[in-house]
Amino acid sequence: MENIDRNNTPIKELLAEANHCVACGLCLPHCPTYELTHSEADSPRGRIALMSGVASGRIPLNERFIQHMDRCLACRACEQVCPNNVAYGRLIDDARAMIHDHPAVQGEGRHKKNGLRNFLERELVAKPARFDRLRPMLRLLAGSGVLSLLLRLDILKRNALIQSLLFLEDRNLPGFSWRRTYPATGLLRGEVGLFLGCVARLIDAETLLSSIWVLNRLGFTVHVPNVQGCCGALHQHSGQVDAAKLLAEQNIHAFAGLDIQAIISTASGCGVQLAEYSSRLGSGFSVPVMDISQFLDGLVWDEISIAPLPRRIAVHEPCTLRNTLRASAYLYSLLERIPAVEVVPLAGNAQCCGAAGTYFLDQPEFASSLLNAKLQAFERTGADCLVTANIGCALHIANGLAKQGKGIEVLHPVTLLARQMRIK
């Protein structure tokens, strides 16, 4: 592959940030891919050296460079321990943008995607309102048992994207249309906006509806703009910066003009992208973006009745919630509002589960290794339920449990809380 143009601003910014790395190596023990390969090139320190080498023209942008960049989960665990506060998340995105914009890479394509996946990314993820139209059909397929039969066909077992739909077999797929406003119950304490996302509005509507229900009963009116779209995280992390920026502008416009205190996200992966619009893409929201658990933690709960739940619940902390939003503690404080519940952290919560957006599709071997570690950790807890705060993690872990033939429910903590609040 030819060398890249090193005179543009993004490349100069990449070099400037990469120069902040002092190569101390404190990040290495915290990097999931370094733990799997023990290769310096698959560590944050090694990848930064490679990025700097390509950006400065010392080494070529070739297939080996692309491989090491693609193997990164962008979990950002390295940022937690970096003594020089290197913005690794920005660096890996910039490196992938550099790859995406390279003429030779554009011609070859970084990942060999099948037609179905191309269609889903182009026609659904980029236009998530269409997910709502699919929900009744999937509800019918899941309820009739047809979906279960289809997922067990040999021809479909080889397709990781199709097999990810195992998650739907035991999901509640309600039939409804989103309303623009859900008024508070009783005394009005404030107003918020709810970000729906894309995949969650199809396969995890229960979490979104539970969030609205809980917020309403705590005195908050919830606004759900109908022109909001995908957060753009998948595009951002694959180097499609222009596409991510367009989606950001759409969402900023969707929530503009609303008299709200915050924009609430139920998926931490989306929450990070929304919160970083301003720093990464140049424009952001006029109100803070908050994870639902963090927002609920700061509210008054004096008059709320919650039924006891004498069960052991294991907690998986998504990387985006733990490493970037720094809000994983709120998962536990929210769950502990449920009387009699025993909350157990999943061992190895500092390590990624392997979902990481489309990572489980693009790097299936690495993703499977990381998932197996999570499944083993869950087995040791003795819990009969697992909660997490990111739809990608929930999908990945639930699929792993389903393939083991275990009837373990994986759900969002706000969903569990709402169920207990509904019990009279």
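Starting from 1, each residue takes its place in the sequence as its number. Because only heavy atoms are used, hydrogens play no part in the values below, and waters and symmetry mates are left out as well, while side chains stay in.
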Measure the spacing between OG of S43 and CZ of R71 and express it to the nearest 0.5 Å. 12.5 Å
Could you give me the CA-CA distance, side-chain angles and deciding distance for R201 and L208, then say whether side chain to side chain contact (heavy atoms under 4.5 Å, CB included) is met? CA-CA 7 Å; R201 66 199 294 167; L208 296 167; 4.2 Å; yes
Could you walk me through whether T33 and C72 pass the side chain to side chain contact (heavy atoms under 4.5 Å, CB included) test, one step at a time? CA-CA 7 Å; T33 52; C72 178; 5.7 Å; no
Is the side chain of Q294 donor-acceptor paired with the backbone N or O of L325 at a distance under 3.5 Å, no angle test? no
Please report the C-alpha distance between L50 and M69 in whole Å, then the side-chain angles of each, then the deciding distance to 0.1 Å, and finally whether the side chain to side chain contact (heavy atoms under 4.5 Å, CB included) criterion is met. CA-CA 9 Å; L50 290 173; M69 296 304 110; 4.1 Å; yes
Parallel, tilted or perpendicular: rings of F255 and F285 (30°, 60°): perpendicular
Taking the side chain as C-beta and beyond, is there a heavy-atom pair between C75 and P32 under 4.5 Å? yes
Any donor-acceptor pair under 3.5 Å linking the side chain of N390 with the backbone of G269? yes
Step by step, work out the salt bridge (charged side-chain N to carboxylate O under 4.0 Å, His left out) result for E303 and R189. CA-CA 14 Å; E303 299 178 4; R189 291 188 168 90; 5.1 Å; no
Short side-chain to backbone donor-acceptor contact, E17 and A87, under 3.5 Å: yes
Single hit among R179, R180, E191 for side-chain hydrogen bond (donor to acceptor under 3.5 Å, both in side chains) with H223: E191
Less than 4.0 angstrom from a charged side-chain N to a carboxylate O is my criterion; do E13 and R90 meet it? no
Strictly below 4.0 Å, N to O, side chains only: are E79 and R322 in salt-bridge contact? no
Side-chain contact, heavy-atom cut-off 4.5 Å: V289 with F195? no
I'd like to know if the side chain of T415 pairs up with that of T207 as donor and acceptor (distance under 3.5 Å, no hydrogens or angles considered). yes
Does one side chain, of R326 or Q80, offer a donor that lies under 3.5 Å from an acceptor on the other? yes
Can you name the closest pair of heavy atoms from Y330 and S333 and give their distance? O-OG, 3.1 Å
Return the CG to CE distance between L274 and M290, rounded to the nearest 0.5 Å. 13.5 Å
Is there a donor-acceptor pair closer than 3.5 Å between any side-chain N or O of Q228 and the backbone N or O of P225? yes
CZ/R312 to CG/L386 distance, rounded to the nearest 0.5 angstrom? 13.5 Å
I would like to know whether I260 and I263 meet side chain to side chain contact (heavy atoms under 4.5 Å, CB included); could you show each step before the answer? CA-CA 8 Å; I260 55 177; I263 295 171; 3.9 Å; yes
Side-chain donor-acceptor contact under 3.5 Å, Y277 with N251: yes
Residue pair E276 / V272, side-chain heavy-atom distance below 4.5 Å: yes
I want to check something: taking the side chain as every heavy atom from C-beta on, are L331 and L334 in contact at a cut-off of under 4.5 Å? no
A side-chain contact here means heavy atoms from C-beta on lying under 4.5 Å apart; do N349 and H316 qualify? yes
Could you give the distance from CD (Q363) to CG (L36), rounded to the nearest 0.5 Å? 11.0 Å
Taking the side chain as every heavy atom from C-beta outward, state whether L215 and L296 have any atom pair closer than 4.5 Å. yes
Would you please say whether a donor-acceptor pair under 3.5 Å links the side chains of H412 and D204? no
Mind checking the OG1-CD spacing from T381 to Q376? Nearest 0.5 Å is all I need. 12.5 Å
F220 meets the ring pair (Phe, Tyr, Trp, His ring centres under 6.0 Å) criterion, sequence neighbours left out, with F295
Cationic N near anionic O, under 4.0 Å, R47 to E40: no
How long is the gap from CG on D42 to CD on E35, to the nearest 0.5 Å? 12.5 Å
Is any side-chain heavy atom of R311 closer than 4.5 Å to one of D384? yes
Around atom CD of Q67, are there more than 12 heavy atoms of other residues, nucleotides or ligands at under 6.0 Å? yes
Using a 3.5 Å distance criterion without hydrogens, assess whether the side chain of S238 forms a donor-acceptor pair with backbone atoms of H235. yes
Which pair of heavy atoms, one from V86 and one from I48, lies closest together, and at what distance? CG1-CD1, 4.1 Å
A377 and A347: which non-hydrogen atoms are nearest, and at how many Å? CB-O, 3.5 Å
Any side-chain heavy atom of S293 sitting closer than 4.5 Å to one from V414? no
